[in-house]
Protein chains: 2
Amino acid sequence: MEETVLSGLMSCLYHETRCIPDVLLENCMGRSFDSRPDKSADGSRDNPRATGAVRLSDVAAAAGVAAMTVSRALNQPELVSERTRERVQRAVIETGYVPNRVAGALASSRSKMVAVLVPTVAHSLFADVVQSITDTLALEGYQVLLGLTGYQTQEEAAVVETVLSRRPDALVVAGTRHSEATRARLKAARIPVVEMWDMSDDPLDMLIGFSHRAVGEAVADYLLGCGYQRFGQAMADDPRSHQRAEGFNARIAAEQAARPDAGIAVTTCWAETPASLVGGRTAAASLLADMPDCEAIVCSSDTLAMGVIAEAQSCAMAIPQALAVMGFGDMSFAAATWPALSTVRIDGAEIGRLTAEHLLKRFESAGSGPVYDVLDVGFEIMARQTTLASRS
Amino acid sequence: MEETVLSGLMSCLYHETRCIPDVLLENCMGRSFDSRPDKSADGSRDNPRATGAVRLSDVAAAAGVAAMTVSRALNQPELVSERTRERVQRAVIETGYVPNRVAGALASSRSKMVAVLVPTVAHSLFADVVQSITDTLALEGYQVLLGLTGYQTQEEAAVVETVLSRRPDALVVAGTRHSEATRARLKAARIPVVEMWDMSDDPLDMLIGFSHRAVGEAVADYLLGCGYQRFGQAMADDPRSHQRAEGFNARIAAEQAARPDAGIAVTTCWAETPASLVGGRTAAASLLADMPDCEAIVCSSDTLAMGVIAEAQSCAMAIPQALAVMGFGDMSFAAATWPALSTVRIDGAEIGRLTAEHLLKRFESAGSGPVYDVLDVGFEIMARQTTLASRS
DNA sequence: TCAGTTGATGTTAGCGCTATCATTGCGCTT
DNA sequence: AAGCGCAATGATAGCGCTAACATCAACTGA
């Protein structure tokens with residue numbers, strides 16, 4: 001008898017046609033079977049390995065169709081008749097079904113996840129990229145698995161392996177310098193890979209970024225054009241900063257060769273990563289000690305630049321008259337400080353958006369292999385108040 | 001002796017960090033089966049649904065043991081003899097095996113993933129928390145699934161559902177205001193939930209944060225103590241800012257009641273989210289128009305505060321003499337600007353670390369139910385140069 | 001000597017989904 | 001009436017892993 005009563009309850013639960021208000025929904029969320037500890041129709045409910053969550057087959061029973069039909073109604077609704085789709089829809093709501101994409105991913109070998117590997121999100125440059133990738137991918141139902149690699153190649157290898165074990169549909173990684181083991185693993189994974197935030201002659205697959213060397217060169221050209229001749233560099237000790245320093249130094253060396261008597265010189269101080277205000281102050285002090293007639297200090301980040309400015313102000317050096325300062329990143333505060341910081345602007349959100357869009361395109365045209373797309377998004381020199389356009 | 005070395009190596013292999021030297025790995029990456037196009041031992045390699053990746057059973061065949069033994073060697077090395085463990089490890093390297101945690105998660109219903117839901121990572125406050133959670137969880141081999149909810153409750157509901165479909169082992173969410181449907185889903189998921197960055201009388205499970213109302217009260221007390229009497233508020237229009245504004249207004253109201261003739265007043269301007277410099281400037285202009293004798297402007301973020309300062313400077317108002325400004329967040333630039341911004345400091349990294357640690361503790365003692373732990377990490381008022389300690 | 005114990009390994013049967021193919025019913029032609 | 005094409009749905013068999021139990025040799029103590 002109890003069986004009958006309960007099965008009556010079932011059919012009410014499952015076959016009613018009204019649209020259920022939230023208030024009612026709350027009570028049947030989760031396992032609507034909670035009130036019936038015994039096995040359900042298919043008898044598998046008493047299996048000790050079952051999770052107790054509502055499954056596709058529960059929804060199917062509620063809707064009076066096969067499990068496969070529910071799966072189709074949810075994932076390829078165009079293959080299911082309107083009538084059935086509606087019934088499934090109702091059953092999903094009634095049962096409080098939350099699909100299990102772990103099982104789905106295993107069965108279909110598509111996870112709808114994209115791994116994103118950046119050194120850190122605690123600095124706004126990468127945070128912007130992550131935000132933008134996440135937002136863009138979300139539009140198509142993809143989610144981001146976040147991996148923080150720090151600034152060390154070794155750590156990256158470990159993160160890559162852990163992340164690949166989740167079988168993401170694609171992987172995005174900041175930078176182009178990877179250990180051979182990492183490169184091999186990424187190739188073996190046979191998924192689209194986007195390297196970003198950098199340029200390289202030898203991309204693994206897709207590459208979206210800008211040339212750090214070109215940034216260094218452009219900054220040198222800009223400052224030389226302003227008339228500066230004696231330079232300090234306050235650089236964080238990471239690979240990308242090194243590239244910018246190389247570009248800068250190359251241009252300075254060329255100018256020295258062209259005008260050997262102009263007194264052009266550069267000295268460099270490497271600061272610890274992660275870059276900090278204090279690091280900037282220390283670096284500035286050291287640079288000014290080495291080169292007391294230093295006219296301009298180029299920094300590998302806006303944060304370091306703020307430290308340099310603070311140090312200069314504490315020595316009562318006027319900026320930009322006594323000392324020019326150049327940052328990198330154009331963080332939110334750069335334009336707002338006084339004097340406003342001259343810096344290099346990278347459009348992280350744009351890099352993220354492009355990355356996500358290219359991936360989505362790849363997913364659509366699933367079959368086609370790697371594209372070896374390379375996109376240079378460039379950069380912009382923001383000449384503000386910490387540099388003088390023409391130094392007299 | 002060598003035995004010991006290898007087993008030490010194993011345990012790091014299978015938990016978080018790979019310690020195998022790159023040199024060893026390089027040569028055996030990818031499918032070592034590529035050279036043997038025919039089916040492997042169990043004959044299932046010609047199945048059309050197989051992914052073609054190296055599987056546990058391939059490793060097992062290579063090591064001459066059962067698949068289950070390989071699984072154990074990787075996940076519970078203490079249950080496997082040293083000799084076998086060593087052979088398995090060699091087979092893993094030879095085959096270039098990368099475990100499939102999707103399958104593992106389905107079989108064991110433990111995903112070793114934690115979902116983290118924040119409004120955005122493009123602002124350093126939440127970025128710090130995410131960074132800190134990710135780092136701390138990584139120590140125990142857990143990974144972060146990132147969900148960005150924006151600032152709308154409706155969006156949150158959708159993100160929660162998508163994220164739960166990945167069956168994370170726990171969920172961390174910023175804020176305590178959720179729709180009833182979301183609360184129901186979270187309860188039904190039966191996983192540990194941490195609400196953070198906030199306080200509430202009615203936590204879902206664990207709660208680690210601080211009271212926004214208390215922040216508002218403390219800021220009011222601080223400014224009243226400095227001698228300020230006529231206040232503007234430039235607040236972003238999000239729930240947490242509202243709470244801070246409420247706290248602030250409550251204290252001001254109390255003071256007005258206590259000293260009715262002192263001329264204490266407050267006016268509020270709501271800025272759009274996300275907060276921006278421009279928003280701050282606009283809000284400041286509007287506040288100064290409403291209340292020309294305004295003495296201090298309290299902002300819901302450092303970013304808005306920078307905008308307020310910019311607007312004041314453009315009107316040639318001296319800060320803090322003519323106008324005091326108070327921020328919120330103590331972002332990296334706050335201490336570095338001139339004048340240095342007075343603000344409220346929240347230790348996001350600490351919140352993240354505590355969150356992760358409490359979750360890890362919960363995972364260890366798997367059986368025990370919710371703890372209803374509530375932790376208030378507090379905040380700190382950073383009195384810098386944009387406020388005057390005693391206004392004469 | 002033999003039941004009882006232990007530790008190491010193997011076997012089996014799913015986890016909850018989807019790819020694939022099979023089946024059904026319907027309208028259309030010939 | 002038989003045959004065909006098509007759309008909608010169902011049944012089956014895995015995806016790659018691990019929980020749970022089974023097995024087996026090597027001991028233990030009486």
Side-chain angles (χ1 to χ4, degrees), chain A residues 40 42-61 63-88 92 95 97-112 164-167 366, chain B residues 14 40 42-61 63-88 95 97-112 164-167 366:
Chain A
S40 70
D42 60 18
S44 67
R45 223 22 58 238
D46 47 353
N47 184 302
R49 296 192 59 183
T51 56
V54 179
R55 296 158 306 173
L56 206 53
S57 61
D58 297 322
V59 179
V65 296
M68 195 59 232
T69 303
V70 178
S71 171
R72 270 194 284 258
L74 299 181
N75 301 312
Q76 298 154 285
E78 70 280 4
L79 295 183
V80 171
S81 75
E82 197 149 330
R83 208 180 87 86
T84 310
R85 216 183 305 154
E86 268 166 37
R87 291 176 61 190
V88 169
V92 164
T95 54
Y97 176 61
V98 177
N100 183 334
R101 290 199 201 212
V102 176
L106 180 61
S108 67
S109 27
R110 278 178 297 102
S111 60
K112 288 220 140 194
L164 285 181
S165 73
R166 307 270 180 208
R167 298 295 187 266
Chain B
Y14 298 117
S40 67
D42 60 18
S44 67
R45 203 141 280 288
D46 45 354
N47 184 301
R49 295 191 60 183
T51 56
V54 180
R55 296 158 308 176
L56 205 53
S57 60
D58 297 321
V59 179
V65 297
M68 195 59 228
T69 303
V70 178
S71 171
R72 272 195 283 256
L74 302 187
N75 301 312
Q76 298 153 284
E78 71 281 2
L79 295 183
V80 171
S81 76
E82 206 142 320
R83 205 179 91 86
T84 309
R85 220 184 300 158
E86 195 186 314
R87 290 175 62 190
V88 168
T95 53
Y97 176 62
V98 177
N100 184 334
R101 291 198 200 210
V102 176
L106 180 60
S108 66
S109 29
R110 279 179 296 102
S111 61
K112 287 220 139 194
L164 285 181
S165 74
R166 307 268 179 209
R167 299 293 189 267

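Here is how names work: the chains are called A, B, and so on, in the same order as the sequence lines, proteins then strands, and each is numbered from 1.
- A:R167 has its CZ atom 9 Å from the P atom of D:dG16, to the nearest Å.
- Across the interface with DNA chain C, nearest-nucleotide mapping of B:A103 and B:V65 shows B:V65 to be the residue nearer the 5′ end.
- B:V80 comes within 4.0 angstrom of sugar-phosphate atoms only, judged by non-hydrogen atoms across all strands, and of no base.
- When atom types are taken as modelled, the side chain of A:R49 and the backbone of B:A107 share a donor-acceptor pair closer than 3.5 angstrom.
- Listed pair B:N100 / D:dC15 fails the phosphate criterion, with no side-chain N or O lying under 4.0 Å from OP1 or OP2.
- Atoms CG (A:L79) and P (D:dT9) sit 10 Å apart, rounded to a whole Å.
- Using a 4.5 Å heavy-atom cutoff, the side chains of A:L106 and A:R167 are not in contact.
- Residues B:V80 and B:V88 fail the side-chain proximity criterion, which asks for heavy atoms closer than 4.5 Å.
- Look at CZ on A:R83: it is 13 Å from P on C:dC26, rounded to the nearest Å.
- When the C1' atom of D:dT9 is taken as reference, atom CZ of A:R72 falls 6 Å away, rounded to whole Å.
- Within 4.0 Å (heavy atoms only), A:R110 reaches sugar-phosphate atoms of the nucleic acid but no base atom.
- For C:dC17, the OP1/OP2 oxygens have a side-chain nitrogen or oxygen of A:Y97 closer than 4.0 Å.
- The distance from atom CG of B:L56 to atom P of C:dT11 is 14 Å, rounded to the nearest whole Å.
- No contact: A:R101 has no heavy atom under 4.0 Å from any strand.
- Surrounding CD of B:E78 are more than 12 heavy atoms belonging to other residues, nucleotides or ligands, all under 6.0 Å away.
- One atom, CE of A:M68, and another, C1' of C:dG16, lie 12 Å apart when rounded to the nearest Å.
- Of the candidate nucleotides C:dC15, D:dT18, D:dG14, D:dG14 has the atom lying nearest to any side-chain atom of A:A107.
- For B:R55 and D:dT18, the CZ to P distance is 14 Å, given to the nearest whole Å.
- Between the C1' atom of D:dA19 and the CG atom of B:L74 lies a distance of 16 Å, rounded to the nearest Å.
- In this structure, B:T69 reaches the sugar-phosphate backbone alone: every heavy-atom distance under 4.0 Å involves primed, P, OP1 or OP2 atoms, never a base.
- Considering only the side chain of A:S71, C:dT18 comes nearest among C:dT18, D:dT18, C:dG16.
- The shortest side-chain heavy-atom distance between A:V92 and A:L74 falls under the 4.5 Å cut-off.
- OP1 or OP2 of C:dT9 has at least one side-chain nitrogen or oxygen of B:T84 nearer than 4.0 Å.
- At the heavy-atom level, A:S81 lies under 4.0 Å from the strands shown only through sugar-phosphate atoms.
- With hydrogens and angles ignored, a donor-acceptor pair closer than 3.5 Å exists between the side chain of A:R49 and the base of D:dT18.
- In this structure, the side chain of B:R55 does not engage the main chain of B:A60 through any donor-acceptor pair within 3.5 Å.
- Listed candidates were C:dG16, D:dA11, C:dT18. Nearest to the side chain of A:A66 is D:dA11.
- Nearest to the side chain of B:T51, among D:dC15, C:dT11, C:dC15, sits D:dC15.
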